[in-house]
Student: 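Sharing a structure with you now.
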There are 2 protein chains.
Amino acid sequence: MTQEERSQETRSRILAVAEQSFAEHGYDVTSVDSICHGAGVSKGAFYHHFPSKGSVFVALLNAWLAELDRQFTAVQTGDGSVPRQVAAMAAGVNEIYHVAGTKWNILLEFWAKSKADPEVAHSTIDMIRRYQGFFQQVLERGVSEGSLQVKDSNLAATLMLSVVLGLLLQGILDPEGQDWGALMQRVLAMLMDSMGGRKS
Amino acid sequence: MTQEERSQETRSRILAVAEQSFAEHGYDVTSVDSICHGAGVSKGAFYHHFPSKGSVFVALLNAWLAELDRQFTAVQTGDGSVPRQVAAMAAGVNEIYHVAGTKWNILLEFWAKSKADPEVAHSTIDMIRRYQGFFQQVLERGVSEGSLQVKDSNLAATLMLSVVLGLLLQGILDPEGQDWGALMQRVLAMLMDSMGGRKS
DNA sequence: CGTCATAAACCGACTGGTTGGTATTAGTTT
DNA sequence: AAACTAATACCAACCAGTCGGTTTATGACG
């Protein structure tokens, strides 16, 4: 194994353990020592790869944002009518949710910390606005292709994003309460229907 | 000032300062010392009134739940058709939001901490389910009084709650982004409309 | 009314432990 | 040997909670 590979591996191991611990116990409660221990890495190694504990957090946040962009472009270059694409998105979320429900927990940590850290706040706001813009764009494409009828695409996108965020939040807080993934599929389908969605 | 009054006053002063600081800086970052300093109270006084830092937190949470109940009964005993009542609720939220937007910030802290503390988790889940039940009840009343047409009141209530939570979350995270209070009024009105809402 | 006993309210210095971060040293790869 | 990686020991700062002692309100009694 080359030096470069080894370095990347310990780095990603630190990130993985940190993400897990942040999601499960919270940022403040998670100590650097515990991350090092969990990753099988010394403190020296940790501070060799990251300048601070906070920098690990923002690295995770940026990874999320990058992943977001990847999914956006994947949907936008996909085929099928808009209602179908939305259904596919919901199904994708549902699948991820069932595979790794705890994956979403760290979102709460991002949001909570954004009240205290301006850098995190900027990223979360950016996240929200990009989702809003993305949804609006998708809806407008649906209108132009004739598969949707929406008067105020801005308002409709806000409604759609709110529903998604609300369900996500409930899924994070009360995982056992309902099958939130399936619910998101149903609710989004209902929403598409009420916007006069035609499957193709 | 009687002993009882004095005691109650310092107690509520501690709670007020703690709520403010929890909302602004987060639970873990807020130290007991800073609360004492902010409330003009010694540490001894603090631990005279509360057994622990965490107990202040759950006291605040319970105060929220109690306030919730008060609002529920207020709406249920109010008059007017269900769509009107919902509109009134939305207007109330809008007003509170404009008066004290930071009031909601501590909700994020409740939610974030519920991932680590089972007691808090129980309360937040209880909160969500009570809202869900309340909305469902309201919607069913709307159906029975003929002002609404809803097939699946459970699903509709979930949708409604998700929208509210989603908008609330966005309002907390991105207060300057939009006029979230007004948006909630518009979106809820739209929702009532789509459920065949008749104003009276 | 004045005095005194009692208990609740309050004070703040102190403690044991933990934390994020640093410095130093040793090992490994190229 | 140069450069990178990792391990250990360590530090200053901070924090939740404790504890012995002080003040204040209250009600009883002579």
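Numbered from 1 within each chain, the chains take letters A, B, ... in sequence-line order. Only this structure's heavy atoms are used, side chains among them; waters, hydrogens and symmetry mates stay out.
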Student: With the 4.5 Å side-chain cut-off for hydrophobic clustering, are A/I125 and A/W111 part of the same group?
Tutor: no

Student: Less than 4.0 angstrom from a charged side-chain N to a carboxylate O is my criterion; do B/R6 and B/E9 meet it?
Tutor: no

Student: In Å, rounded to the nearest 0.5 Å, how long is the span from CG of A/N105 to CZ of A/F110?
Tutor: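 Going from the CG atom of A/N105 to the CZ atom of A/F110 covers 11.5 Å.
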
Student: Can you sort out which residues in residues 39-48 of chain B have a heavy atom within less than 4.0 Å of DNA chain D? Ascending by number, please.
Tutor: B/K43, B/Y47

Student: With a 4.0 Å heavy-atom cut-off, tell me which residues in residues 49-60 of chain B come close to DNA chain D, sorted by residue number.
Tutor: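 B/S52, B/K53, in order of number.
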
Student: For B/T102 and B/E24, test the side chains for any donor-to-acceptor distance below 3.5 angstrom and give the result as yes or no.
Tutor: no

Student: Establish, yes or no, whether the cationic atom of B/K53 lies under 6.0 Å from the six-membered ring centre of B/Y27 and within 45° of the ring axis.
Tutor: yes

Student: Could you report the tightest heavy-atom contact between A/A18 and A/V56, atom names first, then the distance?
Tutor: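 Closest heavy-atom pair between A/A18 and A/V56: CB-CG1, 3.6 Å.
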
Student: Give the rounded distance in Å between these two atoms: CD1 of B/I14 and P of C/dA9.
Tutor: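 These atoms are roughly 12 Å apart.
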
Student: Is the distance from OP1 or OP2 of C/dA8 to the nearest side-chain N or O of B/S7 less than 4.0 Å?
Tutor: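 The answer is no; no side-chain N or O of B/S7 sits under 4.0 Å from OP1 or OP2.
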
Student: Report all side-chain donor-acceptor pairs from residues 180-189 of chain A shorter than 3.5 Å, counting only partners two or more places apart or in another chain.
Tutor:
{"unit_1": "A/W180", "atom_1": "NE1", "unit_2": "A/D174", "atom_2": "O", "d": "2.7"}
{"unit_1": "A/Q185", "atom_1": "OE1", "unit_2": "A/N94", "atom_2": "ND2", "d": "2.7"}
{"unit_1": "A/R186", "atom_1": "NH2", "unit_2": "B/D152", "atom_2": "OD2", "d": "3.3"}

Student: Taking C-beta and beyond as the side chain, do B/L173 and A/I128 meet within less than 4.5 Å on heavy atoms?
Tutor: yes

Student: The criterion is side-chain contact (heavy atoms from CB on, under 4.5 Å); which residues satisfy it with A/V138, sequence neighbours excluded?
Tutor: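 By the side-chain contact (heavy atoms from CB on, under 4.5 Å) rule, A/V138 matches A/V82, A/V86, A/F134, A/R141.
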
Student: So if I take residues 15-35 of chain B and measure heavy-atom distances to DNA chain D, which residues fall below 4.0 Å?
Tutor: B/T30, B/S31, B/V32

Student: Tell me the side chain to side chain donor-acceptor pair (under 3.5 Å) pairs involving residues 112-127 of chain A, sequence neighbours left out?
Tutor: A/D126-A/R130

